[in-house]
Amino acid sequence: MLDINSIRQNPEEIKKGIAAKNGDALLVDAFLAEDAQWRELTAEVDELRARQKKAGNERNVKEAKKLKEEIKVKEEGLTSAEQKRAELLRKMPNPPLPEVPLGKSDKENVVLREVGAKPVFDFTPKDYFALAEQCDIIDTERAAKVSGARFGYLKGEAAMLEFALVQFAFDTARKEGFVPVVPPVMVKEEMMRGMGYVDRSEDRDETYLLEKDNLYLVGTSEQSVGPMLADEIIDAEKLPLRFVAFSTCFRREAGSYGKDTKGILRVHQFDKVEMFSFCHPDRSKEEHKLLLALEERMMQALRLPYHVLDICTADLGMPAAAKFDIEAWMPGQNDGKGEYRETHSTSNTTDFQARRLNVRFRSGQQKPEYVHMLNGTAFAIGRMLIAIMENYQQADGSILVPDALVPYMGGITEIKR
RNA sequence: GGUGAGGUGGCCGAGUGGUUGAAGGCGACAGUCUUGAAAACUGUUGUGCCGGAAACGGUACCGUGAGUUCGAAUCUCACCCUCACCGCCA
């Protein structure tokens, strides 16, 4: 949600920001019109109420009754203006930060750097799915029998790798002051709304809803860690508050029916370690860099080649004001020619989510201000498994375990049938 | 799932229809006293919105939403949440 005052004061700037995101800049004009109407009615209703209150206190019942009727009528208009205004406000995306590259589609995302040497094989590298089959560590066939399409069993070393990755991520993040968390994966509607995930129909279609209890299954633990501090005021000295959360994530993948149907690249249920930070507004750009740096540090520790994308304005999504993605090199994809696939994403949502969720901080006796909220992937387990398998494969189809994970694997150094 | 209790300001806690934004206490802040500190005493101490350069004025807020009433923290209904006991359970 945007700051009402900043829309009133700099409507042109906000319009530019929304347009850069391929959003509807006319929302701003519609909002301002509704807002003007709302202000006018507010003044009128407040004045009528003052008179009514006075009449009531003087036990002038007749006068008070008359005013009551007038208020009732006026209030209908007020409520309607208020609702329209709020709805328009909720639809406005967070404008991009000035340094974000301008672009019209994801094709204009900027590659900031390529890191790590792509592995050179003296054989045609296999797709992770073939490797997994050979090593018998992923079973999507039985998962389809039990749960349907887009599910998978991780077995044996794949299951062990999952927990090795989780431990490794927790250890790494903990050194930077992140508090490990295992959050709820079922979340109330109002909190989903606060994070900005229910307002647009495409987002609603993407989430699972448990209708009996009106609870949503999280698509990322961000949705349950962010609201953790809703309606709270944090001491400024305690910022930044950093959490690293492990949770299962649920996604309906509506609208991607044709895409990535095979294997575990795109599934309804996967586990993920996510970093989340609440910080002082002046510090959010640095914090964003820290999240990205940690993601890169972990990728480098695993010796996985990747590149970093500075996501352009059009590809930011609703709550993000700036976003960096990491795409890992997956040599087995694209018929053994390899391609980059997204494994990480880190967003600075500035005060957009904080305002909706009412997460504030206070320094000394000063007025509370909204914090900035940021999130970043530590490891999306399924996709990390793919990256590891394809990069660490050997001619015979066996897979080496990255050195950094061996201590967490009970000493296992190689996966073979 | 059953039964019962309850949600009031930063915290504890009073308040069952009438200038109640809300007694009292704790905490916090400022001051007096003190060489300094503690104690004691005095004062200040919520937020949103509208108007205003400001002082200030108005309005709303006692879990959330609707309702009754000239008037609601107080009455009615629905929902959310918390706690206790019983049942079930990883």
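Note that the structure is a prediction, hence the values are computed from the model and not measured. Sequence lines set the chain letters: A, B, ... in the order given, protein chains first and strands last, and positions in each chain run from 1.
Between B:G13 and B:U68, the two C1' atoms lie 30 Å apart (nearest whole Å). When the C1' atom is compared between B:C62 and B:A23, the two are found 14 Å apart, to the nearest whole Å. Comparing the C1' positions of B:U82 and B:G24 gives a spacing of 25 Å, expressed to the nearest Å. The C1' atoms of B:C85 and B:U76 are separated by 29 Å, rounded to the nearest whole Å. Look at the C1' atom in both B:U74 and B:G7: the space between them is 15 Å, to the nearest Å. Distance check on atom C1': B:A84 versus B:A78 gives 24 Å, rounded to whole Å. Nucleotides B:G9 and B:A22 have their C1' atoms positioned 9 Å apart, rounded to a whole Å. Spacing between B:G87 and B:C79 at atom C1', rounded to whole Å, works out to 26 Å.
Residues forming a side chain to side chain contact (heavy atoms under 4.5 Å, CB included) with A:P96 (at least two apart in sequence, or on another chain): A:A20, A:K21, A:V100, A:T313, A:L316. A:K66 is linked by a side chain to side chain contact (heavy atoms under 4.5 Å, CB included) to A:E63, A:E70, counting only residues two or more places apart in sequence or in another chain. Remark: A:E342 pairs with no residue by the side chain to side chain donor-acceptor pair (under 3.5 Å) rule, at least two apart or across chains. The side chain to side chain donor-acceptor pair (under 3.5 Å) search around A:D235 returns none, not counting sequence neighbours. Looking at residues two or more places apart in sequence or on another chain, you find a side chain to side chain donor-acceptor pair (under 3.5 Å) between A:K285 and A:E99. Annotation: side chain to side chain contact (heavy atoms under 4.5 Å, CB included) contacts of A:V115 (sequence neighbours excluded): A:R113, A:E296, A:Q300, A:Y306. For A:N214, the side chain to side chain contact (heavy atoms under 4.5 Å, CB included) test picks out A:E189, A:L209, with sequence neighbours left out.
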Using a cut-off of 4.0 Å between protein heavy atoms and nucleotide atoms, how would you tag nucleotides 47-65 of chain B 5' to 3' with B, S and -?
-SSSS------BSS-----
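Using a 30° and 60° split on the angle between ring planes, A:H280 and A:F361 fall in the tilted class, from 30° to 60°.
Between the CD atom of A:E189 and the P atom of B:C79 there is a distance of 16 Å, rounded to whole Å. Here the C1' atom of nucleotide B:C80 and the CG atom of A:D213 are 13 Å apart, to the nearest Å. Rounded to whole Å, atom C1' of B:C80 lies 11 Å from atom CG of A:L215.
Side-chain rings of A:H268 and A:F250 stay apart, their centers remaining 6.0 Å or farther from each other. Residues A:H288 and A:F324 place their aromatic rings such that the two centres sit under 6.0 Å apart.
Across all strands shown, A:K66 has no heavy atoms under 4.0 Å from either base or sugar-phosphate atoms.
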Under 3.5 Å, N/O pairs linking protein and nucleotides 70-72 of chain B:
residue: B:C70; atom: OP1; partner: A:K65; partner atom: NZ; Å: 3.2
residue: B:C70; atom: O3'; partner: A:Q52; partner atom: NE2; Å: 3.4

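Counting only residues at least two apart or in different chains, side-chain hydrogen bond (donor to acceptor under 3.5 Å, both in side chains) contacts with residues 399-411 of chain A comprise A:D171-A:Y408. Applying the salt bridge (charged side-chain N to carboxylate O under 4.0 Å, His left out) rule to pairs touching residues 298-326 of chain A yields nothing, sequence neighbours excluded.
RNA chain B contains the following stems of three or more consecutive Watson-Crick or G-U pairs, with both distances under 3.5 Å: B:1-7 with B:80-86, B:10-12 with B:24-26, B:27-32 with B:40-45, B:46-51 with B:56-61, B:63-67 with B:75-79.
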